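Values in this document were obtained by computation on a predicted structure and should not be read as measured data.
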Amino acid sequence: MEMFSFYNVENLFLPDPKPVHRLDPTRSGLRNWDEKRYRNKLFKISHVFQLMKEENGVLPFLIGLSEVSGRKVLEDLVEMEPFNSEYGIVHYNSMDERKVDVALLYDKSKVEVIDSETITFFFEIINKKNTENYDTTRDVLFSKIKYKGTVINVFIAHLPSKREKDINEPKRDFILNEIRSRILKIVHDEKEHVILCGDFNENPDDEKLVKILYDNDHGKVLVNPFLELFSTRNYSTFHYKSGLLYDQIIMSESLFGNDTLVFQNAQIFNSEKISSRARNFEGRPFRTYAGTRYLGGYSDHFPVFVKFKETKT
């Protein structure tokens, strides 16, 4: 059995240097983000994967992450148990205004990275006289990997958030259309497997995420097993009273009956051990911050994962 996981780890930043003046802005944007809190955060994130391993018997061989700031935090993370420096890193700095990126961790004993690149997006700022003003967002990370001779194309995304009456909706639409066109080329022309994962800031039944599953002739190209989970009220994050399943792993149909890996099921890792202790937030992720208030938890999202059955080669 093998697992593929995605986890929005909620603002994994290096410790902020001490401010010269009390009201100086911090690099992280977090309140009192010091070495102690950073080390506790690293321990918490690594502990999530230790729990996942204990419950399932294996660590994910591929892990997509979002809201990581820079390569150093990833290097610090993979040195810890249960990774023990046995995991490699695929990461590029994006031009995101908050300096948070997506990344891929991979088991070096099982996975070979053939190629990787970022897909960068620039959006013109409307109502500006100077046309050189552009808005940037988090890159989409593309990696082509090989597992036991099988090539898998992995896309990791963290799409622009829903805020200010969803001003970012056209950006999410544009980015998903670009990803879709690349996936169609891979599936139809190159006949290779695809996994698309991320925090989409859309639920699985939203129109954009349903559209991406089909080609231009309405043929099914991708399968989103998180659609069924969402329909049965399973959530990975929450906004006020609303349960959301923004974190998803979407796969090409070829991973549902190929020679090496066969999809088994999809799950949200919502263990009680990483859930909120507060009675009124029962069943929700135990987050690191609530606004500016430090709680010392794991993340405001639960990780998600899919299980594959290995077939004999």
- More than 12 heavy atoms of other groups within 6.0 Å of Lys110 NZ: yes
- Flag yes if more than 12 heavy atoms outside Lys220 fall under 6.0 Å of its NZ atom; otherwise flag no. yes
- Message: According to ring pair (Phe, Tyr, Trp, His ring centres under 6.0 Å), who are the partners of Tyr38, at least two apart in sequence or on a separate chain?
- Response: none
- Query: How would you list, by chain and number, every residue that makes a salt bridge (Lys or Arg N to Asp or Glu O under 4.0 Å) with Glu192, sequence neighbours excluded?
  - Reply: Lys144
- Message: My understanding is that only residues two or more places apart in sequence, or in another chain, count here; which of them pass side-chain contact (heavy atoms from CB on, under 4.5 Å) with Lys241?
- Response: none
- Test side-chain contact (heavy atoms from CB on, under 4.5 Å) applied to Leu227 - qualifying residues, sequence neighbours left out: Pro204, Asp205
- Sub-6.0 Å ring centroid separation between Phe155 and Phe142: yes
- Note on the structure: The salt bridge (Lys or Arg N to Asp or Glu O under 4.0 Å) partners of Lys108 (sequence neighbours excluded) come to none
- Listed by chain and number, what are the side-chain contact (heavy atoms from CB on, under 4.5 Å) partners of Ser28, not counting sequence neighbours? Phe13, Asp16, Thr26, Leu30, Trp33
- Task: Just jot down the ring pair (Phe, Tyr, Trp, His ring centres under 6.0 Å) partners of His188, sequence neighbours excluded, or say none.
- Result: none
- For Tyr289, the ring pair (Phe, Tyr, Trp, His ring centres under 6.0 Å) test, sequence neighbours excluded, returns Tyr294
- Query: Yes or no on ring pair (Phe, Tyr, Trp, His ring centres under 6.0 Å) for His218 and Tyr214, after CA distance, side-chain angles and deciding distance?
  - Reply: CA-CA 5 Å; His218 309 292; Tyr214 299 88; 7.7 Å; no
- Message: If the condition is ring pair (Phe, Tyr, Trp, His ring centres under 6.0 Å), which residues does Phe302 pass it with, not counting sequence neighbours?
- Response: none
- With Phe269 via side-chain contact (heavy atoms from CB on, under 4.5 Å) - residues at least two apart: Val48, Leu51, Met52, Glu55, Ser271, Ile274, Pro303, Phe305
- Query: Are Leu244 and Phe281 connected, step by step, through hydrophobic side chains (Ile, Leu, Val, Met, Phe, Trp, Tyr) whose heavy atoms are closer than 4.5 Å?
  - Reply: no
- Can you sort out the partners of Glu35 under salt bridge (Lys or Arg N to Asp or Glu O under 4.0 Å), two or more places apart, ordered by chain and number? Arg39
- Task: Name all residues meeting the salt bridge (Lys or Arg N to Asp or Glu O under 4.0 Å) criterion together with Glu112; count only those two or more places apart in sequence or in a different chain, and write none if there are none.
- Result: none
